[in-house]
Amino acid sequence: MPLNINDDVAEIADDDSGLLYRCVSWLNTVFLVISAIFVVLMMLHVTADVLLRAVSDVGITGTLEVVSYYYMVCAIFLAFGYVELKNQHIRVDLFVQQMPRSAQVILYILACLAGFVFFGLLAWQSMSDAIRATRSHETIMSNFLFYVWPSRWALPIGFIGCLLAILCNLLKALARWRAL
């Protein structure tokens with residue numbers, strides 16, 4: 001039996017053409033494209049460094065730092081929301097599949113709420129850390145001056161994208177009364 005909810009919420013969340021879903025999907029797709037660009041940049045940067053070291057015994061200065069603090073961070077965290085929106089995170093639902101539909105939906109709603117709290121806390125803390133790092137122009141110890149504060153913003157941006165995706169999936173599950 002479907003849950004009686006506001007028709008506006010059902011209209012927004014019932015299909016993938018609702019305004020909220022389209023906006024969140026577009027935003028997370030942009031984040032995914034940026035993430036993919038960082039993966040390609042990382043591949044090109046590391047390949048160039050390896051080739052230069054093979055040919056001339058001199059590599060590109062700062063490759064380890066740029067890969068570790070920029071490419072990897074952006075490649076991982078910016079894609080979180082897209083993965084959540086498409087329901088592609090790792091799940092273990094062996095026992096849940098055997099439960100009645102209403103139990104599946106209730107467990108899914110509880111999981112969405114728990115995920116919302118968890119990623120909300122991560123977004124809050126990483127936003128605080130990013131603001132602190134930006135104010136102090138955070139650097140790391142290296143052979144050269146290397147600023148890491150810009151990469152700190154990938155975490156809250158990715159977590160906010162994930163929060164929005166969880167919200168869309170929760171609304172869709174409520175409107176359809178079906179665990180996604």
Look up atom [atom1] in [X] and atom [atom2] in [Y], then write down how far apart they are to the nearest 0.5 Å.
X: N28; Y: S35; atom1: CG; atom2: OG; result: 11.0 Å
X: C162; Y: H89; atom1: SG; atom2: NE2; result: 5.5 Å
X: L113; Y: L170; atom1: CG; atom2: CG; result: 6.0 Å
X: R178; Y: Q104; atom1: CZ; atom2: CD; result: 10.0 Å
X: H137; Y: L145; atom1: NE2; atom2: CG; result: 11.0 Å
X: M99; Y: D93; atom1: CE; atom2: CG; result: 10.5 Å

What are the two closest heavy atoms between [X] and [Y], and how far apart are they?
X: A154; Y: L78; value: O-CD2, 3.9 Å
X: C168; Y: L20; value: SG-CG, 3.9 Å
X: V73; Y: S151; value: CG1-O, 3.7 Å
X: A79; Y: L32; value: CB-CD1, 4.0 Å
X: V105; Y: A179; value: CG2-N, 3.6 Å

Say whether, by atom type as modelled, one donor and one acceptor occur between the side chain of [X] and the main chain of [Y] under 3.5 angstrom.
X: S126; Y: A123; answer: yes
X: N169; Y: C112; answer: no
X: T134; Y: A130; answer: yes
X: Q97; Y: F95; answer: no

Next item on the list: Mind running side chain to side chain donor-acceptor pair (under 3.5 Å) on W177 and S102 for me, showing each step along the way?
Entry: CA-CA 8 Å; W177 195 246; S102 59; 5.8 Å; no
Is it true that, when you exclude [X] itself, more than 12 heavy atoms of the residues, nucleotides or ligands shown sit nearer than 6.0 Å to its [atom1]?
X: R91; atom1: CZ; answer: yes
X: F31; atom1: CZ; answer: yes
X: F119; atom1: CZ; answer: yes
X: F144; atom1: CZ; answer: yes
X: M42; atom1: CE; answer: yes

Notebook entry, point to check: Between Y147 and Y70, does the ring centroid distance fall short of 6.0 Å?
Noted result: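 That pair fails the under 6.0 Å test.
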Answer yes or no: is there a side-chain heavy-atom contact under 4.5 Å between [X] and [Y]?
X: W153; Y: M127; answer: yes
X: Y69; Y: V148; answer: yes
X: L164; Y: L27; answer: yes
X: Y21; Y: L85; answer: yes

Quick one: do [X] and [Y] end up in the same hydrophobic cluster if we chain Ile, Leu, Val, Met, Phe, Trp and Tyr together by side-chain heavy atoms under 4.5 Å apart?
X: L167; Y: L121; result: no
X: M43; Y: L52; result: no
X: V66; Y: I60; result: no
X: V117; Y: I160; result: no
X: I166; Y: W124; result: no

Item checked: Verdict with supporting geometry, C74 and I34, side-chain contact (heavy atoms from CB on, under 4.5 Å) -> CA-CA 8 Å; C74 292; I34 294 169; 5.7 Å; no
Next item on the list: Quick one: which residue pairs count as a salt bridge (charged side-chain N to carboxylate O under 4.0 Å, His left out) with a foot in residues 44-53, not counting sequence neighbours?
Entry: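 Listed once each, the pairs are D49-R53.
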Item checked: Stepwise side-chain contact (heavy atoms from CB on, under 4.5 Å) test for Q88 and V83 -> CA-CA 5 Å; Q88 296 298 313; V83 172; 3.9 Å; yes
Check: F38 vs Y71 aromatic rings, parallel, tilted or perpendicular, using cut-offs 30° and 60°?
Finding: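 Aromatic pair F38/Y71 classed tilted.
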